[in-house]
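Numbers for residues simply follow the sequence, beginning at 1. Quantities reported herein were computed from a predicted structural model and do not represent experimental measurements.
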Amino acid sequence: MHLTGAGGALLVIAIAIVGLLALADHRAPEAAGRAIIFYVSPDGNDEWSGKQLEPNTAGTDGPFASITRARDAIRELRAEAQLPGPITIMLRGGTYWLSEPLVFEPQDSGTEECSISYEAYGDERPIFSGGRPITGWQEAADGLWAAAVPAAQSGDWYFHQLFVNGRRAIRARAPNEGFYEAAKPIEPKSGKGFYFQPGHIKLWERISDVDVVLLHHWDASRLPIEYIDEAANLVTFVGKRFHYYAGWRNASRYYVENAFELLDAPGEWYLNRDTGVVYYRPRPGEDMTQAEVVAPVLNTIVRFAGDWHSGRLVSHIHLRGIALHHADWVRRDVAFTEGQGACRLDAAVEMTSAVNCSFEDCEIAHVGENAFWVRSGCQKNRIVGCHIYDLGGSGVMIGQMSKVTSDIEEARENELSDCHIHDGGIIWKSGVAIWINRSGYNLISHNHVHNFDYTGISVGMQWQDYDSRCRDNVVEFNYIHHVCEVMADGGGIYTMGNMPGTVLRNNLIHDVYGDEYTPRLCRNRGIFLDGASGGLLIRDNIVYRTLGGPLDPYTENTKTPNTYENNIFALPRQSSMSWNRRADNNNPTHHNIVYAVKTVNFHIGQQRPPERYAELVNDNLYYHPGGQMRFNNKAFGQWQALGFDTRSIVADPLFTDPENGDFSLPIDSPAWDIGFEPIDMSTVGPRRELKWQAPNLDKE
């Protein structure tokens with residue numbers, strides 16, 4: 001389905017005009033003498049005043065060299081008196097190599113009248129890098145190139161990622177593509193070790209640096225090796241046990257990483273910490289004498305460090321037009337399971353107790369764990385128009401895992417909109433594009449999400465039916481496709497927990513399958529209501545080409561109903577879906593089109609008369625081009641005789657081209673007879689071109 005059209009083009013033009021007017025208004029205070037501007041440039045000097053765009057001819061004054069110096073200049077102003085007006089730090093293009101995270105504390109805050117902005121100068125592209133260049137590459141044996149890293153040999157720098165000309169290199173691994181399969185655990189449900197196929201794991205040199213990455217259904221474990229018996233094909237791991245609960249019904253997949261002996265494919269690299277030498281096997285066309293090679297030093301690049309306990313918040317700080325690159329991930333010395341949604345990881349941007357702050361037109365890329373974590377006490381913040389990709393874990397995390405005890409602690413009323421979030425879960429396989437938990441009143445709108453090994457958008461993570469504060473969230477006009485590419489038991493949108501007032505509407509979701517291994521595990525769905533999911537309105541969504549059902553309300557732990565209205569659910573590979581999973585849930589289900597689905601399941605309460613459900617499921621259209629449909633293993637007439645779907649019909653909706661994602665309907669479609677209303681997907685996904693990506697990238 002096309003995402004643009006005449007209406008979309010006009011909207012982009014309108015937004016551009018509004019943006020220009022806003023920029024003009026932003027500059028107006030400077031001309032009136034009410035605002036302060038500092039300049040920062042890679043060619044600047046922290047001993048200068050920072051008040052000039054360019055160095056003067058005498059070389060005695062000009063822009064600052066570092067962002068922290070500009071931040072500290074604002075602290076100095078605040079120490080003298082109240083802020084006289086808005087303050088803007090203009091950042092010239094180029095790379096700013098950070099030796100420590102850029103930290104904003106309450107003393108760095110602005111106010112509603114006097115905000116603090118760190119933004120790109122004009123169309124220039126400033127990059128905050130948490131990495132360090134590696135130079136001095138020399139050709140080595142067997143097609144490898146090598147560079148000495150003294151800080152690695154001394155133990156001061158242990159990096160886990162390498163980027164060559166802006167592209168992620170692959171830590172030496174086996175197999176080079178895909179996964180091995182473990183033969184069996186040491187004992188049933190054992191988390192200590194497993195038996196492997198002969199030759200898949202060996203007693204390599206520096207075996208203590210080698211990790212085994214073992215995939216479960218919906219998360220994975222990263223396992224340092226304790227012991228290998230090559231004769232018995234047995235490996236055990238450091239630590240008491242790893243997460244086993246979903247791994248041993250079938251042979252689990254795994255790969256082995258970080259041995260020099262595995263450095264056999266173009267794009268792979270390895271760091272020998274004994275010698276301090278990093279090795280790389282170039283990809284075709286790469287010239288290592290000219291290449292820019294960067295390894296991360298920092299795990300977090302920017303931190304908003306407020307404290308809701310004491311009421312000391314960070315507020316009214318805005319970053320615009322800036323890229324944040326190169327953050328590392330942390331290796332644990334014992335077996336470590338990342339948690340569903342990579343919820344046990346940190347982020348390149350850590351926000352705690354931040355209020356009315358924003359990231360706009362920014363890029364976050366080449367990170368080892370999550371990109372953003374908007375944690376406790378974060379309220380009314382905005383992440384808008386950002387390009388977020390090449391992620392070790394998840395994209396944007398909002399909320400927390402621990403129980404929320406007060407309104408001020410809750411992360412709430414935040415906005416994530418018009419962002420492009422893609423290519424995540426590279427290191428931590430359970431990473432999702434967008435994750436919300438114990439957090440309410442957030443807007444997740446007009447984002448483009450794709451190419452994640454696990455779920456696209458995850459809302460809630462509570463199995464039981466109780467108030468988790470995850471309520472009144474709106475997830476709308478998001479374009480989600482090609483997610484759950486490796487992991488299982490996920491969805492385009494995945495929910496868990498009772499979340500009254502939450503709305504999922506006008507989302508376009510397709511191609512949610514998995515790899516060839518996934519059908520042996522739990523199936524991936526389009527919209528997957530797991531656990532105690534309840535209280536949701538699901539309306540005006542188009543969901544098609546999924547492995548399991550386009551909709552699957554696996555709500556076995558709640559009696560709170562969900563409402564399904566005016567959706568299109570089509571073309572599941574396994575050709576079945578459910579309106580309900582328990583007898584007493586009573587989910588209102590009206591005006592939906594169910595296409596190319598052989599079986600529709602709805603659990604009927606045996607202890608209650610069928611007439612009780614007469615209006616619960618009605619006015620729907622069903623059609624399967626390949627033959628007759630079944631409803632709870634009954635023919636449609638038998639299903640209607642039970643009191644369900646008495647006004648529903650079985651008929652071809654006459655979609656224009658459903659196999660290619662065009663679900664538009666002609667004027668003579670029978671869908672209009674059931675009260676179906678047109679679903680407008682013309683503005684789904686970002687409503688504007690993003691600064692940090694090529695025009696029209698992946699818009700189809």
Side-chain angles (χ1 to χ4, degrees), residues 1-8 448 450 456 476-483 491-493 504-513 524-527 538-552 564-579 589-601 617-631 636 639 645 647-685 698-700:
M1 174 170 288
H2 294 284
L3 302 182
T4 57
H448 184 188
H450 61 97
E476 64 180 8
F477 293 98
N478 299 288
Y479 179 34
I480 306 163
H481 62 98
H482 294 92
V483 296
I493 298 178
L504 313 180
R505 64 186 173 211
N506 292 93
N507 299 288
L508 176 62
I509 304 170
H510 67 83
D511 290 282
V512 184
Y513 289 135
N524 295 313
R525 290 86 158 181
I527 297 177
I538 299 174
R539 178 179 171 84
D540 294 336
N541 302 283
I542 298 178
V543 185
Y544 66 101
R545 290 205 300 258
T546 58
L547 176 61
L551 174 75
D552 194 342
Y564 316 124
E565 292 182 350
N566 212 77
N567 303 281
I568 296 174
F569 299 119
L571 298 168
R573 182 171 291 175
Q574 296 186 348
S575 203
S576 66
M577 61 174 285
S578 298
W579 287 137
T589 305
H590 301 114
H591 312 297
N592 301 283
I593 299 176
V594 179
Y595 181 82
V597 175
K598 288 184 179 178
T599 303
V600 179
N601 298 311
V617 181
N618 225 327
D619 299 298
N620 301 297
L621 183 151
Y622 303 98
Y623 185 69
H624 192 286
Q628 187 178 29
M629 299 180 70
R630 303 290 291 177
F631 300 81
F636 187 58
W639 175 245
D645 279 312
R647 295 189 302 274
S648 298
I649 59 176
V650 173
D652 186 347
L654 305 177
F655 290 131
T656 299
D657 188 4
E659 297 295 335
N660 291 302
D662 188 344
F663 291 93
S664 56
L665 295 165
I667 194 170
D668 58 343
S669 170
W672 311 128
D673 297 335
I674 63 161
F676 183 81
E677 298 177 0
I679 301 175
D680 183 10
M681 290 289 174
S682 63
T683 63
V684 74
D698 292 325
K699 279 295 184 77
E700 297 298 322

- Reported CZ-to-CG distance for the pair Phe676 and Leu665, which is rounded to 0.5 angstrom: 6.0 Å

- Would you mind telling me which of Ile538, Leu571, Ile509 makes a side chain to side chain contact (heavy atoms under 4.5 Å, CB included) with Val543? Ile509

- Query: Do Ser576 side-chain atoms and Thr599 backbone N/O form a donor-acceptor pair below 3.5 Å?
  - Reply: no

- Task: Rounded to the nearest 0.5 Å, what's the gap from CG on Leu654 to OG on Ser664? Could you check?
- Result: 11.0 Å

- Under the criterion side chain to side chain contact (heavy atoms under 4.5 Å, CB included), which of Leu621, Ile679, Leu508 is the partner of Ile568? Ile679

- Query: Any side-chain donor-acceptor pair under 3.5 Å between Asn566 and Asp540?
  - Reply: yes

- Message: Has Ser669 got a side-chain atom pairing as donor or acceptor with Pro653's backbone, closer than 3.5 angstrom?
- Response: yes

- Evaluate the side-chain hydrogen bond (donor to acceptor under 3.5 Å, both in side chains) criterion for residues Tyr622 and Asp645: first the C-alpha distance (whole Å), next the side-chain angles of each, then the deciding distance (0.1 Å), finally the verdict. CA-CA 10 Å; Tyr622 303 98; Asp645 279 312; 2.8 Å; yes

- Item | Stepwise side-chain contact (heavy atoms from CB on, under 4.5 Å) check, Ile593 with Asn567 | CA-CA 6 Å; Ile593 299 176; Asn567 303 281; over 6 Å; no

- Query: Between Phe569 and Tyr544, does the ring centroid distance fall short of 6.0 Å?
  - Reply: no

- Query: For the atom pair CG (Asn592) and CE (Met577), what is the distance rounded to the nearest 0.5 Å?
  - Reply: 7.5 Å

- Message: What's the separation between atom CG in Asn478 and atom NE2 in His448, rounded to the nearest 0.5 Å?
- Response: 10.5 Å

- Query: Taking only residues two or more places apart in sequence or in another chain, which ones pass side-chain hydrogen bond (donor to acceptor under 3.5 Å, both in side chains) with Asn506?
  - Reply: none

- Item | Residue of the set His450, His481, Arg545 for which side-chain hydrogen bond (donor to acceptor under 3.5 Å, both in side chains) holds with Asp511 | Arg545

- Query: Centroid-to-centroid, His510 to Tyr479, below 6.0 Å?
  - Reply: yes

- Between Tyr564 and His591, do the side chains contain an N or O donor and an N or O acceptor separated by less than 3.5 Å? no

- Item | Those residues that, when tested against Glu659, pass side-chain hydrogen bond (donor to acceptor under 3.5 Å, both in side chains) (two or more places apart) | none

- Message: Tell me the closest heavy-atom pair linking Phe663 and Ala570, and the distance in Å.
- Response: CE2-CB, 3.8 Å

- Message: For the CG atom of Asp657 and the CG atom of Asp662, what is their distance to the nearest 0.5 Å?
- Response: 6.0 Å

- Exercise: identify the closest heavy-atom pair between Arg525 and Val512: O-CG1, 3.3 Å

- Query: Under the salt bridge (Lys or Arg N to Asp or Glu O under 4.0 Å) rule, what pairs show up with a residue in residues 564-576, not counting sequence neighbours?
  - Reply: Arg539-Glu565

- Message: Measuring from atom CD of Gln574 to atom OH of Tyr513, what distance do you get when rounded to the nearest 0.5 angstrom?
- Response: 10.5 Å

- If every non-hydrogen atom of Thr546 is compared with every non-hydrogen atom of Gly548, which pair is closest and at what distance? OG1-O, 2.7 Å

